[in-house]
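Here is the structure we will look at.
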Amino acid sequence: MNTKIWLSSPHMSGKEQYYVKEAFDTNWVAPLGPNVNGFENDLKQYLDQNIYVAALVSGTAALHLGLILLGVEKDDEVICQSKTFSASANPIVYLGATPIFIDSEKDTWNMCPEQLEIAIKDRISKGKKPKAIVAVHLYGMPYKVDDIRQIANKYDIPILEDSAESLGSTYKNQKCGTFGDLAILSFNGNKIITTSGGGALVTNTKILKEKAVFLSTQARDNAPHYQHSEIGYNYRMSNIVAGIGRGQMTILDSHVNKRRSNHEFYKEVLSQISEIRFLEEPTEMFSNRWLTCIQLPSYKIREELREFLLKDNIESRPVWKPMHLQPIFKDTPSYINGISEDLFNKGLCLPSGSNLTENELNRVVFGIKTYFAEC
Ligand SMILES: *Cc1c(COP(=O)(O)O)cnc(C)c1O
């Protein structure tokens with residue numbers, strides 16, 4: 001059996017262990033310490049001097065705190081991109097609020113501005129103005145930032161930008177993760193950089209960052225005894241994990257370059273096959289190409305190809321199943337144009353890790369070419 005080719009696997013720089021060892025040597029084995037501050041500062045330098053970063057245990061935790069900071073409460077409604085990973089939507093439910101799902105547009109696969117405005121108007125006419133908009137840059141491709149922002153401003157609704165998959169991507173030369181009223185990042189095992197598990201909340205003000213840190217460390221009031229005036233969470237990133245993050249920041253740009261070159265390679269070699277289509281990068285957008293996704297003619301071909309690759313120990317994955325099609329969200333209000341369902345039926349993510357070898361990439365395209373030659 002050939003060795004396994006993963007969809008997207010951790011890729012270390014070699015510097016991670018230095019920072020982790022330093023944390024042990026200095027006994028900073030806690031959810032605070034120099035690596036936490038250092039990692040936050042590295043992210044700030046990378047994204048934008050004018051933002052603030054709170055390092056947390058996961059992207060999901062960051063979304064949860066982000067919604068709290070935006071004032072989302074029980075019985076509120078929160079707009080959320082339907083085509084995404086469930087973690088974009090779940091924290092809305094943690095708070096007892098209701099997600100309102102919005103379908104995709106074709107250019108970026110992200111939130112459709114037309115459906116967004118239809119939904120906002122309809123929710124207002126039904127008596128509730130949505131409290132926030134969770135917009136996602138899926139697979140590293142930015143959403144239509146200006147269009148979504150214009151609508152959000154028109155109705156005065158804040159945006160929580162889910163940048164979990166798009167660290168290193170830009171829109172009009174501005175980094176993803178800096179467009180929302182708040183934004184989140186993820187450093188889970190398969191993301192563009194990883195801390196084994198981790199996330200961050202990005203804010204525009206120091207006060208909001210401090211509030212996020214306060215909530216993430218059990219909401220302790222400033223008193224010598226343990227005193228609480230608010231409900232807290234245990235969401236702060238540990239100094240060990242942040243050490244991995246500092247090492248990973250040294251190779252973030254090279255990971256982006258490698259993932260983009262994977263994408264270019266697939267496009268070049270597979271463009272001969274007329275059944276396969278790629279998502280083009282719109283002008284003014286720069287995708288980190290976290291995962292390369294292809295569109296196939298049908299669900300049947302998508303599944304056959306996926307299973308064909310699996311026989312050669314190659315992992316590929318259907319694109320995210322939209323939230324409005326998930327059993328748990330079947331009764332949730334949704335504003336649908338059919339695009340995300342079609343993308344789900346026909347879309348396949350190919351192995352895209354920054355540590356893929358030339359040999360592995362060749363094996364993947366050989367498998368795909370063989371499938372189409374045989375069928
Ligand atoms: C990974 C991911 C998250 C959640 O991040 P975790 O760090 O795994 O909790 C949220 N949204 C999207 C779009 C993601 O891909």
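Indexing begins at 1, ligand by ligand and atom by atom, following the structure's order.
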Polar contact flag for Asn188 and ligand 1 (N/O pairs, less than 3.5 Å): yes
Centroid-centroid distance, His137 to Tyr171, less than 6.0 Å: no
Heavy atoms of other groups near Glu268 CD, more than 12 under 6.0 Å: no
Verify same cluster id: Phe329, Leu138 (apolar side-chain graph, 4.5 Å): no
Considering all heavy atoms, the nearest Phe278-His263 contact: CD2-CE1, 3.9 Å
Ring centres under 6.0 angstrom apart (Tyr94, Tyr233): no
Proximity of Leu138 to ligand 1 by residue part, where a heavy atom lies under 4.0 Å: neither
Those atoms of ligand 1 less than 4.0 Å from some heavy atom in Ser88: 11 (N), 13 (C)
Sub-4.0 Å atoms of ligand 1 with respect to non-hydrogen atoms of Val136: 13 (C)
Interatomic distance, Ser229 atom OG to Asp221 atom CG [nearest 0.5 angstrom]: 3.5 Å
Parallel, tilted or perpendicular: ring planes of Tyr139 versus Trp320, cut at 30 and 60 degrees: parallel
Nearest neighbour in protein (non-hydrogen) for atom 15 (O) of ligand 1: Glu165 OE2, 2.6 Å
Pick from Ser186, Ala87, Ser58: the one approaching atom 5 (O) of ligand 1 most closely through a non-hydrogen atom: Ser186
Heavy-atom nearest neighbour of atom 1 (C) of ligand 1 within options His137, His64, Lys191: Lys191
Gly59-ligand 1 polar pair, N/O distance under 3.5 Å: yes
Side chain, backbone, both or neither: the part of Thr60 lying under 4.0 Å from ligand 1 by heavy atom: both
Test applied, side chain to side chain donor-acceptor pair (under 3.5 Å); reference residue, Tyr335; option that passes from Arg123, Glu114, Gln115: Arg123
Contact atoms of ligand 1, heavy-atom distance to Gly198 under 4.0 Å: 7 (O)
Residue, atom name and distance, where the atom is the protein heavy atom closest to atom 11 (N) of ligand 1: Asp162 OD2, 2.7 Å
Contact (N/O only, under 3.5 Å) between Thr84 and ligand 1: no
